[in-house]
Participant: 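Here it is, the structure in full.
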Amino acid sequence: MYDVIIRQATQVQGALVDIAVRDGKLAAIGQLDPQASAKKIVDLHGQYWVSAGWIDSHVHCYPASPIYHDQPDLVGVASGVTTVIDAGSIGADRVEDFYRLTRSAKTNVFALLNIARTGILTQNELADMAQIDKSAAKQAIAQHPDFIVGIKARMSSSVVGSNGIKPLVLAKEIQQENDHLPLMVHIGNNPPDLDEIAELLTAGDMITHCYNGKPNRILTAAGTLRQSIRRALDRGVLLDVGHGSASFSFDIAELAIKQGIYPHTISSDIYCSNRMKGPVHSLATVMSKFFTIGLSLEQVIACVTENAATALRLKNKGRLDVGADADLTFFALSSEPLVFADSEGKSVTGERHLVPLAAMVAGELIVTDEGKSAHVFDL
């Protein structure tokens, strides 16, 4: 007997599939025997979609953070997201507290460790080089190897002050000394110049806020890709969206995508303020914006499942395979027009958008408010 059977869900490729779950893992996928039994059976009758659980690779959900904060489950399972990665809210000083808080969340929570040991207590955490303590970072990573999945360096002028590129040099040293963990680099206003940043990055490093509309962006004033970014992409550097309150431009994203400069991961950079007031609202909202600028459903879903899991080395997540974690997202596609806003004040009307109905984490089903209203998962 299985714990859960989901019958006749639609995959992003359009095929109908049955999914069975046992002991928190995907136990069977395909057309199951009609007589197969389970403690819970949900039949979606081909009307709703399923994918591997959505992964938001850039959030801020440390509740005690004084600037960017939220509750993990409000940015996670409440909006159909099964896994969130807090991107630098905490440094080595606050790892224990954040780890303890996340143990009661239904959402899978991981962290990118800020190279500043205080994390984001202030906006300029890298203006003082003494904040970067390589031994403290190494100790924190060693103590929580299943929680800290990478490191984060915020490389914009308001953060680094007069230190320029020096914090990133130390971030690369921390990375090298800790099993070459994934490194996410925030870009914004210069200095340091993006060309300096890009030249230091190596395969697997992630540039977040990749479609920001600031002068220090991936596109030149003429709208072409910077040569330094082209070289970085050729080396295997990855682009992460990191929408946020001030870091996503429809115009830049559309112009880049028309040139084949696609995001590897779509993330929200969500926290309480931009979740409630916009322009972010949810990962589903950010994902839906990419339908308006040329991405397909398959491309969008890949960015928050297999691509994110691979970039962050999340084993057993991001794929619909037997033996993988039973993390699933169930959603609908609405054709009701919806107005989306970017971080620059521009609005675009989308002809379709994603509606998250439920998240399953390790076999436990958590229905969203939209799912409850639709009575999809009434058992």
Side-chain angles (χ1 to χ4, degrees), residues 57-58 62 85-96 98-99 110-210 216 218 228-229 231-240 242 264-265 310-314:
S57 48
H58 185 159
Y62 177 43
I85 317 298
D86 185 281
S89 299
I90 53 100
D93 290 351
R94 307 302 293 272
V95 168
E96 290 295 336
F98 189 27
Y99 177 78
F110 299 97
L112 298 177
L113 186 74
N114 196 311
I115 61 170
R117 63 179 303 152
T118 55
I120 309 177
L121 283 180
T122 62
Q123 289 281 18
N124 63 340
E125 74 265 19
L126 297 178
D128 179 2
M129 293 295 289
Q131 291 273 38
I132 307 174
D133 186 328
K134 294 199 291 183
S135 62
K138 188 168 188 175
Q139 182 178 0
I141 292 165
Q143 288 178 340
H144 293 288
D146 296 326
F147 177 55
I148 299 173
V149 296
I151 56 178
K152 174 77 178 293
R154 300 203 308 144
M155 295 301 298
S156 56
S157 60
S158 61
V159 180
V160 303
S162 62
N163 287 327
I165 201 69
K166 290 187 288 185
L168 184 56
V169 173
L170 290 187
K172 293 297 290 183
E173 292 178 6
I174 292 171
Q175 180 188 44
Q176 293 292 337
E177 294 169 8
N178 291 276
D179 194 30
H180 203 81
L181 281 174
L183 166 65
M184 180 180 283
V185 179
H186 152 124
I187 61 171
N189 291 316
N190 60 324
D193 190 79
L194 182 54
D195 293 335
E196 291 183 275
I197 294 170
E199 293 301 341
L200 286 179
L201 303 183
T202 53
D205 292 345
M206 293 168 277
I207 295 174
T208 192
H209 310 314
C210 68
N216 198 35
I218 66 170
S228 64
I229 298 297
R231 291 191 293 271
L233 297 181
D234 289 344
R235 292 195 301 273
V237 173
L238 309 175
L239 298 180
D240 174 65
H264 187 75
T265 49
T310 300
L312 295 160
R313 304 180 190 173
L314 300 178

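None of these values were measured; they are calculated from a predicted model.
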Participant: Going by the rule salt bridge (charged side-chain N to carboxylate O under 4.0 Å, His left out), which residues pair with Glu196 if we only count those two or more places apart in sequence or in a different chain?
Facilitator: none
Participant: Do the non-hydrogen side-chain atoms of Gln131 and Leu121 ever get within less than 4.5 Å of each other?
Facilitator: no
Participant: Using salt bridge (charged side-chain N to carboxylate O under 4.0 Å, His left out) as the criterion, list what pairs up with Lys138, not counting sequence neighbours.
Facilitator: none
Participant: What is the minimum heavy-atom distance between Asn216 and Asn189, and which atoms define it?
Facilitator: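 In this case the closest contact between Asn216 and Asn189 is ND2-C, 4.1 Å.
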Participant: Taking side chain as C-beta onward, heavy atoms only, is Leu233 less than 4.5 Å from Leu239?
Facilitator: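 Heavy-atom side-chain distance check passes, below 4.5 Å.
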Participant: Taking the ring of His58 and the ring of His209, is the distance between their centroids below 6.0 Å?
Facilitator: yes
Participant: What residue pairs, at least two apart or across chains, pass salt bridge (Lys or Arg N to Asp or Glu O under 4.0 Å) with a residue in residues 158-177?
Facilitator: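 Listed once each, the pairs are Lys134-Glu173, Lys134-Glu177, Lys172-Asp205.
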Participant: Applying side-chain contact (heavy atoms from CB on, under 4.5 Å), name anything that partners Ala140, two or more places apart in sequence or on another chain.
Facilitator: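 For Ala140 the side-chain contact (heavy atoms from CB on, under 4.5 Å) partners, ignoring immediate neighbours, are Ala92, Val95, Leu113, Ile148.
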Participant: Using side-chain heavy atoms (C-beta onward) and a distance below 4.5 Å, is Leu170 in contact with Ile115?
Facilitator: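 With C-beta onward as the side chain, the pair stays apart.
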Participant: For a quick test of reading the model, state the closest non-hydrogen atom pair linking Ser156 to His186 and the distance between them.
Facilitator: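 The answer is OG-NE2, 3.0 Å.
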Participant: Mind listing the closest non-hydrogen atom pair of Ala198 and Arg235 along with its distance?
Facilitator: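 That would be O-NH2, 2.7 Å.
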Participant: So which heavy atom on Leu194 is nearest to which on Ser228, and how close?
Facilitator: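 Shortest heavy-atom contact: O-OG, 4.4 Å.
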Participant: Sequence neighbours left out, what pairs pass ring pair (Phe, Tyr, Trp, His ring centres under 6.0 Å) with at least one residue falling in residues 161-182?
Facilitator: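 Every candidate ring pair (Phe, Tyr, Trp, His ring centres under 6.0 Å) pair involving residues 161-182 fails, so no pair, neighbours aside, qualifies.
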Participant: Scan Asp86, Leu314, Leu312 and name whichever one has a side-chain contact (heavy atoms from CB on, under 4.5 Å) with Phe110.
Facilitator: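 Answer after filtering Asp86, Leu314, Leu312: Leu314.
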Participant: Considering non-hydrogen atoms only, spot the tightest contact between Ala171 and Leu183 and give its length.
Facilitator: CB-CD1, 4.3 Å
Participant: Which residue is it: Ile141, Asn114, Leu112, Asn178? I am looking for the one with a side-chain contact (heavy atoms from CB on, under 4.5 Å) to Ile151.
Facilitator: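 By the side-chain contact (heavy atoms from CB on, under 4.5 Å) criterion, Ile151 pairs with just one of Ile141, Asn114, Leu112, Asn178: Ile141.
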Participant: According to ring-ring contact (aromatic ring centres under 6.0 Å, His included), who are the partners of Phe147, at least two apart in sequence or on a separate chain?
Facilitator: Phe98, Tyr99
Participant: Heavy atoms, side chains only, cut-off 4.5 Å: are Met155 and Val160 in contact?
Facilitator: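 A side-chain contact under 4.5 Å exists here.
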Participant: Check side chain to side chain donor-acceptor pair (under 3.5 Å) between Asp133 and all other residues, then give those that pass, not counting sequence neighbours.
Facilitator: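 Side chain to side chain donor-acceptor pair (under 3.5 Å) list for Asp133, sorted by chain: Arg117, Ser135.
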Participant: Using salt bridge (charged side-chain N to carboxylate O under 4.0 Å, His left out) as the criterion, list what pairs up with Asp240, not counting sequence neighbours.
Facilitator: none
Participant: Leu200: which residues meet the side-chain contact (heavy atoms from CB on, under 4.5 Å) condition with it, sequence neighbours left out?
Facilitator: Ile165, Leu168, Val169
Participant: Any side-chain heavy atom of Leu126 within less than 4.5 Å of one from Asn163?
Facilitator: no
Participant: Considering non-hydrogen atoms only, spot the tightest contact between Ser158 and Asn124 and give its length.
Facilitator: O-CB, 3.3 Å
Participant: Run the salt bridge (charged side-chain N to carboxylate O under 4.0 Å, His left out) test against Asp195 and tell me which residues pass, sequence neighbours left out.
Facilitator: Arg226
Participant: Does anything in residues 153-162 form a salt bridge (Lys or Arg N to Asp or Glu O under 4.0 Å)? List the pairs, not counting sequence neighbours.
Facilitator: Glu125-Arg154
Participant: Is there any salt bridge (Lys or Arg N to Asp or Glu O under 4.0 Å) pair reaching into residues 139-153, and which pairs are they, with sequence neighbours excluded?
Facilitator: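 As it turns out, there is no salt bridge (Lys or Arg N to Asp or Glu O under 4.0 Å) pair with a partner in residues 139-153 once direct neighbours are skipped.
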